[in-house]
Protein chains: 4
Amino acid sequence: MARTILDKETRRQQLLDAAIRVFARRGYLETSIDDIITEADVARGTFYLYFPGKKEIFLAVIDHYFELLSELVKELMAREWPAKLERARLKEHVLTWLRFFAEHRDLTKVIYREATSIDPEFEDRWNRLSETVKRFLVERVRRLQRNGVLRETLDPRAWALFMEGIFHTAICNYILQSDRPDLDWLAEQWVDFMLWGITPERRP
Amino acid sequence: MARTILDKETRRQQLLDAAIRVFARRGYLETSIDDIITEADVARGTFYLYFPGKKEIFLAVIDHYFELLSELVKELMAREWPAKLERARLKEHVLTWLRFFAEHRDLTKVIYREATSIDPEFEDRWNRLSETVKRFLVERVRRLQRNGVLRETLDPRAWALFMEGIFHTAICNYILQSDRPDLDWLAEQWVDFMLWGITPERRP
Amino acid sequence: MARTILDKETRRQQLLDAAIRVFARRGYLETSIDDIITEADVARGTFYLYFPGKKEIFLAVIDHYFELLSELVKELMAREWPAKLERARLKEHVLTWLRFFAEHRDLTKVIYREATSIDPEFEDRWNRLSETVKRFLVERVRRLQRNGVLRETLDPRAWALFMEGIFHTAICNYILQSDRPDLDWLAEQWVDFMLWGITPERRP
Amino acid sequence: MARTILDKETRRQQLLDAAIRVFARRGYLETSIDDIITEADVARGTFYLYFPGKKEIFLAVIDHYFELLSELVKELMAREWPAKLERARLKEHVLTWLRFFAEHRDLTKVIYREATSIDPEFEDRWNRLSETVKRFLVERVRRLQRNGVLRETLDPRAWALFMEGIFHTAICNYILQSDRPDLDWLAEQWVDFMLWGITPERRP
DNA sequence: AATGAATGAGATTTCATTCAT
DNA sequence: CATGAATGAAATCTCATTCAT
């Protein structure tokens, strides 16, 4: 193999990218260091110059995702939510999330399907990620409940749980499965369901 | 080790039970055949008399779950759904599911957290399970929509997806996490959210 | 499996016959106790009532062969060799051997192809067999040399060695290989070669 | 264990050499991968870097022998055989073979005593080897028969068979058994027997 | 910094043998 | 006597990690 010398950060990213692709394709368990270095076209020893092991590169993948997600959360938190429940604004909000996952398919696949089942440390990292998002949601709901635009009997924690669940399958069983997921249809259904449940319309 | 002779089915079940406990405790990846035979108090060779390998006993665990779940689905399908949306009946329905998962904690843990990420064959088995349940849900919704008791703009497939997602996190992030999950609270919140979404009550 | 009770000797022979067939078909190494009991249609435990193990049944097979061969040797030794080299008598002698091997194909296959290579004890048994035959040959040759009908420069031990070798390949590479070996052709060639070598005839 | 890095071919040869020694000493069946790596002073994993398993290294041993033998055959074929049967030349020819086997005792032991009994694939390899040699012999005999220096009634295929047999026992029961085999005596006896058989001399 | 041959702990798997029924 | 489920020692094999080059 040609001996290419790259600066540390580029090489690290090259390995990380390769790992994301391979993990997405074969899953954590079935992925061997060999798969990663073959994908990255790098020698065995080189891998260990950048990551202490398989577990650690997986954690680095999660961390990478965490950063991307944090940026998204920060951006969404910056957007001021309207005092009232505006269907269009909610849909836009949901779509922003869905687009993020659709854009980072491989990464999302890795995280959503594996991060919770492989290793306690992976799970821990995942839970911190999940908590961050849920805290954000709970806080928003509380504010809207105080304004009276949101049903009082709704327990924000339950709602956050439900939202997380809908995210989960929307991602795992729809976005990651279909070749061309109809994000708009999904967001539309989502918002309607979230606003009015399954009961026939008695909207104003 | 004491040599006990059991009939084939009992011994198989003993191994399966042991496997469920160990998989739930340590996860598929971290579980070795050694762990399983220690838990089952059985000799190494005995394991291979009943299962060709680790992968296969895991598949057998999934199949076992599939059977339990199929019985539940059959039972629920036998129950006639009311023509109208009755809150109490819906809640009872949801509770039946939740109790099932709470009862089979170990098994559920194994299935929900691992089955999709270990092996393509596991995933396949899991998807068939998931489809069975979703077809059931979609069919019920269609019937209620025809009766006009269910919002017409609701896409049954989207709804089934959402329900599956709520199940998923309700199970993974609530039932499996807490020591004494409050199933009643969860069912209550679930039904309310499902019926009316987050919008303040405008019920009759 | 039906529980059939047979007298000890019959059951032993049943197992021995099965073993000969399986050893001939698959070789000692590739043959498992399982193969033998399947072929004999006998339970696992039953095998161990008659033979202490795999090695021992193989030794019993060799011993069985030894007995058959001993009978043949005894018979041949009884036949008085002519004082002169009679082509016809020699050929008949060789044919008797060849027919024996052709008749006991399976057994011969086992013995000739495996007995020397599996285990020191097998080898030992084989060597004793081989020595018996060679001693017989050497003694006959010496007698004929004394009568002056056999070349004096011929070392009887070398000759016995050569005869054994010719037997070996005649058996392994001709009799055991062809479906319908032409024993007569073989005996004819053998005797001619033994008598006159490759040199053109200068016979009286 | 000291970590020595060798080029691929050297390491492979080191393993092959170790395997030959161990196979010769303990036989195929009794040899474990462990024995081979201990003999080669190499780690367990290193073995699997070069050979997929025990069967394969054995096949490689046979192939190695095949190559050595092929060289010898090529060399012998290059030597022009005399038009007449020259005792001295024939003896030299036989001695060349015998010396080859005496030189490669270990390898010969492995091949001659095991190759035909372990595995169908081994046997196949062995038969190809055997055929190569026999074709060479048959062709030479035919030529000599055409020149009239060789008995016409001799069937070359029978002769090649006999030669192979004599080789076999000469090797297995003489060369491999004695510590200091008298190759010259053996060659002498061989050539005499081959030329004139057992009949008293009627040479010119 | 990069390489890839070498390592070995630990996993899986086999199968001759035992023994409760 | 006969059975065959159970045993476990000993084999094979994998792969994350190390380290001489």
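Below, chains carry the letters A, B, ... as their sequence lines are ordered, and counting in each starts from 1. The figures here come from the full heavy-atom set of this structure, side chains too, leaving out hydrogens, waters and symmetry mates.
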**Item:** Residue pairs passing the salt bridge (charged side-chain N to carboxylate O under 4.0 Å, His left out) test where at least one lies in residues 50-61 of chain B, sequence neighbours excluded
**Value:** B/Lys55-B/Asp119
**Item:** From D/Leu107 atom CG to D/Ile20 atom CD1, the distance as rounded to the nearest 0.5 Å
**Value:**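 So the CG of D/Leu107 and the CD1 of D/Ile20 are separated by 4.5 Å.
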**Message:** Run the side chain to side chain donor-acceptor pair (under 3.5 Å) test against D/Gln13 and tell me which residues pass, sequence neighbours left out.
**Reply:** D/Asp17
Could you state the atom-to-atom distance from [atom1] of [X] to [atom2] of [N] in whole Å?
| X | N | atom1 | atom2 | result |
| --- | --- | --- | --- | --- |
| D/Arg12 | E/dA5 | CZ | P | 15 Å |
| D/Arg11 | E/dG4 | CZ | P | 17 Å |
| D/Ile36 | F/dA11 | CD1 | P | 12 Å |
| B/Lys8 | E/dA20 | NZ | P | 20 Å |
| A/Tyr28 | F/dC15 | OH | P | 13 Å |
| C/Ile37 | F/dA2 | CD1 | P | 14 Å |
| D/Ile5 | F/dC19 | CD1 | P | 11 Å |
| B/Glu9 | F/dA6 | CD | C1' | 17 Å |

Identify each donor-acceptor pair in which a side-chain atom of residues 57-67 of chain A lies under 3.5 Å from a protein atom, sequence neighbours left out, and give them as a table.
{"residue": "A/Asp63", "atom": "OD1", "partner": "A/Arg125", "partner atom": "NH1", "Å": "2.7"}
{"residue": "A/Asp63", "atom": "OD2", "partner": "A/Arg125", "partner atom": "NH1", "Å": "2.7"}
{"residue": "A/Tyr65", "atom": "OH", "partner": "A/Thr108", "partner atom": "OG1", "Å": "3.4"}

**Message:** Contact between D/Val110 and D/Tyr28 at the side-chain level, heavy atoms closer than 4.5 Å - yes or no?
**Reply:** no
Listed by chain and number, what are the salt bridge (Lys or Arg N to Asp or Glu O under 4.0 Å) partners of [X], not counting sequence neighbours?
| X | answer |
| --- | --- |
| A/Arg11 | none |
| D/Arg12 | none |
| D/Arg128 | D/Asp124 |

**Fill in**
Counting only Watson-Crick and G-U wobble pairs with both atom distances below 3.5 Å, the stems of 3 or more consecutive pairs that include DNA chain F are E:2-21 with F:2-21
**Message:** Reading DNA chain E from 5' onward, which residue's closest nucleotide shows up sooner: A/Asp7 or D/Asp7?
**Reply:** A/Asp7
**Prompt:** Base, sugar-phosphate, or nothing: which does B/Tyr50 touch, judged by heavy atoms less than 4.0 Å apart?
**Reply:**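 Sugar-phosphate, no base atom in range.
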**Asked** Reading nucleotides 11-17 of chain E 5' to 3', which nucleotides get B (base under 4.0 Å from a protein heavy atom), which S (sugar-phosphate only), which -?
**Response** -BBBBSB
**Request:** Report the residues that fulfil side-chain contact (heavy atoms from CB on, under 4.5 Å) with B/Ser32, sequence neighbours left out, ordered by chain and then residue number.
**Result:** B/Asp34, B/Asp35
